[in-house]
Structure formats: structure tokens, C-alpha cells
Amino acid sequence: MLAEKMSMTKEFELFEQMSEHEQVVFCNDPSTGLRAIIAIHDTTLGPALGGCRMQPYSSVGEALEDVLRLSKGMTYKCAAADVDFGGGKAVIIGDPKTEKSPELFRAFGQFVNSLGGRFYTGTDMGTTMDDFIHAMKETNFVNGLPEAYGGGGDSSIPTAAGVLNGIKATNQLLYGNDALGPHVYAIQGLGKVGFKVAVGLLEAGAHIYVTDISEESLRAIGEVAVKTTGTVQRVAKEAIYSQKADIFVPCAFGGIINDTTIPQFKVKAIVGSANNQLLDARHGKLLQDKGILYAPDYIVNAGGLIQVADELYGFNKERVLAKTKHIYDAVLEVYRDATSSGKTTEESANAMCEKRIATRGKRNSFYSESVKPKWSIRKQS
Ligand code: NAD
């Protein structure tokens, strides 16, 4: 009996693995070498939205695990950003440096198109806007395109604006006003997002500590600082974690809140753009125990997503930047809920998203004869 049950489990392993997901599509096109997986996690809020990653995964299992995890994350990110999209993601198995071709992305576009608008996609790690200029020849369900193609262009602009709004909300909670200027920040990474955040803080008159592996970025931020009322000081790569500052602003890579860094932090809060900052959920609890506020990354870094979602209304830069102000309110809401409930901020954020999806789901159960397809209504003869 047990053996029978175990073999059933094995036979249905794939469905068990995707038990939280609506649909998983395996795409195979031998003529171009395309091997991709599209995962649609939840479309309660609207069509699934999520970028397409290209990576030389070592196995199908590894690619599947990644796409399932990332698409679920997109459901929460869309709910937190209050955009009418659900969660999805795609992965292309291959080396982005050597295995790309225009035909491969056109083939991928055809698979996306075959989903009839259930899934919208664009760039992610390993893919560029140029790749999607090929894909868009086969499908309209692509966003995050260059401005010349009707898209919003560089998404790091709204992402940085969102981070600054998250920092303002944090200052509001900590100091009773949201001014950026009178505080000290430690910024890790002066890339597309971090550099713009650093400029915003310098222009507000703040003192910033910065670190990056790029000498050019460090020199450039020094040149900006002399034209502002702010001040900048560079620190060594590993010293950024122990810098005495008000807020640590991680804008380089994930997993930086962990057992090694938590004991080093001398800040009141952590607010930055990096994805997956908590190495593990328990690190959120360790931060809470240490009295450090943590602004959940997927709420703070949603500016790029807000821009991509906005493209469906016809791109408008001012409207997108105005919408990133939503991040200010969302971060404060999470802090307040976590304070009153005793949850970690990550737990509060997740609960807030789940509640939003459940409430919005009710709207979709509103019955209207006019929008039901005729064939779904059994007619009385
Ligand atoms: P980026 O690659 O332009 O910038 C990363 C920067 O970190 C680079 O300047 C790099 O030199 C620096 N860096 C690398 N290793 C470092 C180290 N050990 N110490 C200090 N600095 C180091 O990337 P980005 O687009 O600015 O994104 C930054 C983070 O924000 C990433 O985690 C990304 O996933 C996330 N994010 C970005 C966007 C966006 O719109 N670009 C949106 C959401 C989330």
C-alpha cells in the first residue's frame, strides 16, 4: 500500500511541485535550440507578469525550481505594488553569452503569444531589451521595451525613485518627518539603481558612506557630491556592514542579511533595492530582535515593475514616478502592521499581499451576463 502510494507520489511529482501554480508551460523549439519554461503562479489580480531569465541551468529540475520560486514572488510583488497583474516568470535554458540568436527570441515570442495574454514578459538576468525587440515581432505580450519602441526605457529610474520613497517612509516612522537630508546612509553598490539613490541623498544634503568594486563609480559619485550640499565618504567593501549610519541601503546583490552581517550592523533600518536581501526568513526575525527595521525588498524595489505595468496604458514618465509614491504608503503600512502584530516586516508584507489578492478575487466572482461567453450559459429550450 505504502509502496503504491510512494510510486503515485513519484508519478505525480511534477504536479506536486507546481501545486501552488496555475500553469507551467515547457517550450521546445529544436530549430532554434530554444528550451524554456514559463510558469504562471496566480492570475487573480490580472494576467501574469514577470521577466524572462536566461541562464545555463545544469538541469531541468534546477530551471523549474527557479521559475516556480520566481513566479510566486511576482504574485506578491504585483500585489504589493497594487498593479493589476498576477505572478509569472520565464526561464530560457542556455548561456546568454553564447547561445542567443534573434530566431531563438522570436520562437520564445511565439510561445508567449500562444498563451493569448495570460502572460506578459520582458527582460531579467541574462536578457536585454534588444532580445525582446525580436520577441515582439511575434507577440504583443512583451513589455519593458526601449522608449523608441513605445516602452518606458531604463527601469532603474523609477526603481531608484521607489527606494528614495521607501527611505522617506522609514525616516517618517523613525523621526516623525520624512526629510532625507539630516541623516547618514551606508550604500552598498553604485550601479544603475544605487548611483541614482546616492545622487538623490546627496542632493538632499545627506552624508553617505559608499562602497563599490568599480573605481569609476566611486570617482563619479565624488564628482557629483562636490556640486551638492551632501558629503560622501568611501569605505572598503566589507566595512560597509559595520558602518555607523542611520540606514543601510543595499543596492548590489541578495543574501546580504545573514548570520555574518547581522551582528555587524550599527544602523536603525535597512532599505534598499537588492533582491532577496534576507538570506533566510529567520534573518528577518533576527533583525527584529536586534531592533533594526527592515523594509521588505520586494515592496521597496517595485518601481521598475510599476513602470512596466504602466506601459499598458501608454507610457508616461510623470505618471510612473507619481505611482512610485505608493511605495511610501506601502512601507509605512507594513511597519505599522508589524509593530502592532509582532510579526516581522516580511511576514506583515506577505500577509498584506495575500489579503489584497483575496479581496480582489471577490471582484472577479461578480457575475455579469454581459461578459460571460455565450457558450458557458446552458440555454433552456
Ligand atoms: P547593477 O549591476 O547596475 O549594480 C550593481 C552594483 O553593485 C555595480 O555597480 C557593482 O559594481 C556593485 N557591486 C558588485 N559587487 C559588489 C560588492 N561586493 N560590493 C559593493 N558593490 C558591488 O544593478 P542594478 O540594476 O543597480 O540593481 C541593483 C540591485 O537591485 C540588484 O540586486 C537588482 O536585482 C535589484 N533591482 C534592480 C532593479 C532595476 O530596475 N535595475 C529593479 C529591482 C531590483
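In what follows, every heavy atom counts, from backbone to side chain, and hydrogens, waters and symmetry copies are set aside. Counting convention: from 1, in listed order, for ligands and their atoms alike. Just so we're clear, the structure is a prediction, and the values are computed from it rather than from any experiment. In this chain, residues are counted from 1 in sequence order.
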Exercise. Looking at CG of Leu180 and CG of Leu202, how far apart are the two atoms once the value is rounded to the nearest 0.5 Å?
Worked result: 11.0 Å

For this session: State yes or no: do Leu293 and Val163 share one hydrophobic cluster built from I, L, V, M, F, W and Y residues joined by side-chain heavy-atom distances below 4.5 Å, directly or via other members?
Result: yes

So what's ligand 1 close to, N/O to N/O, under 3.5 Å?
residue, atom, partner, partner atom, Å
ligand 1, 3 (O), Lys192, N, 3.0
ligand 1, 3 (O), Lys192, NZ, 3.0
ligand 1, 9 (O), Gly191, N, 3.3
ligand 1, 9 (O), Asp212, OD2, 2.7
ligand 1, 11 (O), Asp212, OD1, 2.7
ligand 1, 26 (O), Lys192, N, 3.1
ligand 1, 26 (O), Val193, N, 2.8
ligand 1, 30 (O), Ser273, O, 3.3
ligand 1, 30 (O), Ser273, OG, 2.9
ligand 1, 32 (O), Ala252, O, 3.4
ligand 1, 32 (O), Asn275, N, 3.4
ligand 1, 34 (O), Asn275, ND2, 2.9
ligand 1, 40 (O), Ser155, OG, 3.1
ligand 1, 40 (O), Thr159, OG1, 2.8

Exercise. Linking I/L/V/M/F/W/Y whenever their side-chain heavy atoms sit closer than 4.5 Å, directly or via other members, would Ile306 and Tyr328 fall into one cluster?
Worked result: yes

Problem set entry | Side-chain donor/acceptor of Glu138 to backbone N/O of Ala107, under 3.5 Å | no

Exercise. Taking side chain as C-beta onward, heavy atoms only, is Phe248 less than 4.5 Å from Ile292?
Worked result: no

Problem set entry | Flag if over 12 foreign heavy atoms under 6.0 Å of CZ, Arg35 | no

